[in-house]
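Data block below; observations after.
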Amino acid sequence: MEYLNFTCQGESHKADNKVCQDYSLASSRERTTVAIVCDGHGGNRYFRSDIGAKYAAEITEESVRMFVKNIDSDIFRDKPFTAVGPIKELPEGYKETEIDKLFRQLFSSIIFKWNEKILEHAGATPISEWETEHVEQKYLDEFSQQKNLEKTYGCTLMAFVRAKHYWFAFHLGDGKCIALQKDPIWCEPIPWDERCFLNKTTSLCDSDAINEFRYCYQGKGNYPVAVFLGSDGIDDSFGETTNMVNFYIQLAKEIVLQSREKAEVSLQETLPQLSKIGSRDDMSVACVYDKSDLKALYKSLVQWQVSNVMAAVEDINVRIVNLKNKRDALQRKLISSDKTKIELQYAMNDLDRAFLQKRNLVKKLDILLQERDGEDFVPYSDEIGVDNIIEEPTAEVIEHVADKIDEEVDGVTPCTEEYSED
């Protein structure tokens with residue numbers, strides 16, 4: 001198994017001279033591959049969450065490796081895919097399995113070791129000059145009294161583990177885990193927690209964190225082809241999950257067509273730009289993948305992209321037809337008015353933009369069709385076309401159109417001379 005990961009400082013943190021609060025890692029040894037992403041909480045209340053995120057990731061990696069090494073792997077043998085949400089969302093009467101008990105022990109160990117580590121760090125690391133200048137005094141006082149230290153270091157936690165005979169993943173907080181697979185092409189294997197909404201999230205620093213973990217596992221030998229873990233800075237930048245999936249598919253294609261090293265470089269270049277134009281938050285991605293399986297899935301990934309862009313083209317075609325009808329109806333109006341002129345200008349501008357959007361979509365579509373079809377590639381075309389771009393209408397053009405309408409109605413050239421009633 002191969003892996004990659006990258007974390008970058010968010011654009012807003014650069015502007016505020018604030019440290020990156022994300023942390024990611026990925027590693028593979030002894031036939032166990034691990035990917036982890038932790039996101040430290042923003043806000044001065046959590047003024048050492050960057051440290052908390054780093055400790056959480058490192059402790060989790062150590063803990064899951066011990067977990068895999070010490071348990072009897074037969075407990076996962078032939079187990080179908082199973083997903084378990086937070087305790088509060090489990091159905092009434094849910095009976096805890098042996099696997100559930102093992103995971104609770106794992107999560108409890110992570111929480112305990114994390115609390116030990118942050119207590120050690122707090123005792124050895126006095127309040128800094130930056131913290132004195134930027135953090136509210138009440139939080140500094142709490143820290144000095146070693147009260148609510150877990151809040152000071154609060155962060156989320158997400159992990160994926162692929163062992164020899166099984167795989168599992170778990171999550172506490174926001175961000176997204178996306179798995180690429182044969183059918184369907186992608187899924188979110190870990191159940192979502194509705195409490196993670198907008199700027200609210202569950203966290204390692206919660207008093208009931210042990211009951212907020214969600215997890216999934218499988219022991220039937222059906223591994224995801226690739227799994228991507230992304231912090232909420234990624235999620236918030238794309239809006240719709242399908243857009244984020246497309247981003248990960250592009251990264252997967254780079255891995256197949258080029259190399260892991262080139263894909264890492266691409267990630268290092270892309271994430272800061274994505275933060276700048278998107279969420280402006282810190283960003284982390286950690287990925288585990290099987291390159292041979294990913295190569296075999298390549299055409300299916302391209303076809304998924306083709307289908308999505310094709311659907312977007314069909315949507316824009318409907319919009320173009322509606323805008324043409326609106327424009328034609330305005331041009332047929334018998335009486336010209338300022339309102340008609342304005343509506344006509346808006347309709348023509350919207351039509352212009354719609355054709356431009358379609359042209360860009362078709363460019364993307366043709367690239368994907370060429371990837372999919374190779375020598376049999378045929379450029380996309382339809383009856384609406386992509387070359388009907390209307391030049392940006394000016395006020396003079398709109399006035400001319402309105403005058404032409406008046407001419408057709410009255411049969412005379414409109415008078416442009418000024419006159420008085422007497």
Between [Y] and [X], is the closest basic N to carboxylate O distance under 4.0 Å?
| X | Y | value |
| --- | --- | --- |
| Glu131 | Arg48 | yes |
| Lys88 | Glu194 | no |
| Glu96 | Arg104 | yes |

Note, [X] side chain near [Y] side chain (heavy atom, < 4.5 Å):
| X | Y | answer |
| --- | --- | --- |
| Leu301 | Ile185 | yes |
| Thr202 | Cys196 | yes |
| Tyr139 | Thr152 | no |
| Asp315 | Val318 | no |
| Ile36 | Leu157 | yes |
| Met283 | Ser237 | yes |
| Leu267 | Asn5 | no |
| Tyr289 | Pro224 | no |

### Partner of Phe67 by ring-ring contact (aromatic ring centres under 6.0 Å, His included), out of Phe107, Phe170, Phe168
Phe168

### Message
Pair Asp235, Asp174 - check side chain to side chain contact (heavy atoms under 4.5 Å, CB included), show working.
### Response
CA-CA 9 Å; Asp235 193 14; Asp174 51 17; over 6 Å; no

What pair of heavy atoms forms the shortest contact from [X] to [Y], and how long is it?
| X | Y | answer |
| --- | --- | --- |
| Thr7 | Cys20 | CG2-SG, 3.6 Å |
| Trp167 | Cys216 | CZ3-SG, 3.7 Å |
| Gln21 | Gly42 | OE1-CA, 3.7 Å |
| Val313 | Ile316 | O-CG2, 3.1 Å |

### Query
Can you check side chain to side chain contact (heavy atoms under 4.5 Å, CB included) on Tyr248 and Trp186, steps first, answer last?
CA-CA 10 Å; Tyr248 289 142; Trp186 69 274; over 6 Å; no

### Task
Kindly confirm or rule out a cation-pi arrangement of Arg260 over Tyr3, judged by NZ or CZ under 6.0 Å from the six-membered ring centre and within 45° of its axis?
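Positive - Arg260 is close enough to the ring of Tyr3 and near enough to its axis.
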
#### Entry: Geometric cation-pi criterion Lys176 and Trp192, 6.0 Å radius, 45° cone
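Yes.
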
How long is the straight-line distance from [atom2] of [Y] back to [atom1] of [X], given to the nearest 0.5 Å?
| X | Y | atom1 | atom2 | answer |
| --- | --- | --- | --- | --- |
| Phe377 | Arg372 | CZ | CZ | 10.0 Å |
| Cys8 | Gln273 | SG | CD | 10.0 Å |
| Asp328 | Leu344 | CG | CG | 10.0 Å |

### Query
Aromatic rings Tyr217 and Phe103: how do their planes relate, parallel, tilted or perpendicular, breaks at 30° and 60°?
tilted

Counting neighbours of [atom1] on [X] that are heavy atoms of other residues, nucleotides or ligands and sit closer than 6.0 Å, is the number greater than 12?
| X | atom1 | answer |
| --- | --- | --- |
| Lys79 | NZ | yes |
| Glu129 | CD | no |
| Gln137 | CD | yes |
| Phe112 | CZ | no |
| Tyr223 | OH | yes |

Which residues share a salt bridge (Lys or Arg N to Asp or Glu O under 4.0 Å) with [X], sequence neighbours left out:
| X | answer |
| --- | --- |
| Asp293 | none |
| Lys101 | Glu98 |
| Arg195 | Asp193, Glu212 |

[X] and [Y]: side chain donor to acceptor below 3.5 Å:
| X | Y | value |
| --- | --- | --- |
| Lys358 | Asn317 | yes |
| Asn308 | Asn246 | no |
| Gln105 | Ser109 | no |
| Asp100 | Tyr215 | yes |

### Where at least one partner belongs to residues 111-122, residue pairs that pass side chain to side chain donor-acceptor pair (under 3.5 Å), sequence neighbours excluded
His121-Thr125, His121-Tyr153

### Task
Begin from the C-alpha positions of Asp22 and Ser284 and carry the test side chain to side chain donor-acceptor pair (under 3.5 Å) through to its verdict.
CA-CA 6 Å; Asp22 274 14; Ser284 289; 3.1 Å; yes

### Task
Identify the residue among Lys151, Glu150, His41 that makes a side chain to side chain donor-acceptor pair (under 3.5 Å) with Ser203.
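Testing each of Lys151, Glu150, His41 against Ser203, the sole residue satisfying side chain to side chain donor-acceptor pair (under 3.5 Å) is His41.
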
### Query
Distance-only, no hydrogens or angles: does the His13 side chain make a donor-acceptor pair with backbone N or O of Val19 under 3.5 Å?
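Yes: the side chain of His13 pairs with the backbone of Val19.
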
### Query
Are any side-chain N or O atoms of Ser279 and backbone N or O atoms of Gly233, one a donor and one an acceptor, separated by less than 3.5 Å?
yes

### Task
Apply side chain to side chain contact (heavy atoms under 4.5 Å, CB included) to the pair Leu149 and Phe143, showing each step before the final yes or no.
CA-CA 6 Å; Leu149 284 181; Phe143 179 84; 3.6 Å; yes

### Message
What verdict does the side chain to side chain contact (heavy atoms under 4.5 Å, CB included) test give for Asp350 and Arg353, after you've listed the backbone C-alpha separation in whole Å, the side-chain angles of each residue and the deciding distance to 0.1 Å?
### Response
CA-CA 5 Å; Asp350 288 344; Arg353 284 190 289 269; 2.5 Å; yes

### Message
Assess the residue pair Glu61 and Arg65 against the criterion (salt bridge (charged side-chain N to carboxylate O under 4.0 Å, His left out)); give the C-alpha distance rounded to whole Å, side-chain angles, the decisive distance to 0.1 Å, and a yes or no.
### Response
CA-CA 6 Å; Glu61 181 187 25; Arg65 290 195 178 279; 3.8 Å; yes

### Task
Could you walk me through whether Asp39 and Ser231 pass side chain to side chain donor-acceptor pair (under 3.5 Å), step by step?
CA-CA 6 Å; Asp39 181 1; Ser231 61; 5.0 Å; no

Acceptor/donor pairs from residues 249-256 side chains to any protein atom, 3.5 angstrom cut, sequence neighbours excluded:
from: Gln250; atom 1: OE1; to: Lys253; atom 2: NZ; distance (Å): 3.0
from: Gln250; atom 1: OE1; to: Gln305; atom 2: NE2; distance (Å): 2.7
from: Lys253; atom 1: NZ; to: Gln305; atom 2: OE1; distance (Å): 2.7
from: Lys253; atom 1: NZ; to: Glu371; atom 2: OE1; distance (Å): 3.0
from: Lys253; atom 1: NZ; to: Glu371; atom 2: OE2; distance (Å): 3.4
from: Glu254; atom 1: OE1; to: Ser266; atom 2: OG; distance (Å): 3.4
from: Glu254; atom 1: OE2; to: Ser266; atom 2: OG; distance (Å): 2.8

## Note on the structure
Sorted by chain and number, sequence neighbours left out, ring pair (Phe, Tyr, Trp, His ring centres under 6.0 Å) with Phe247 holds for Phe238

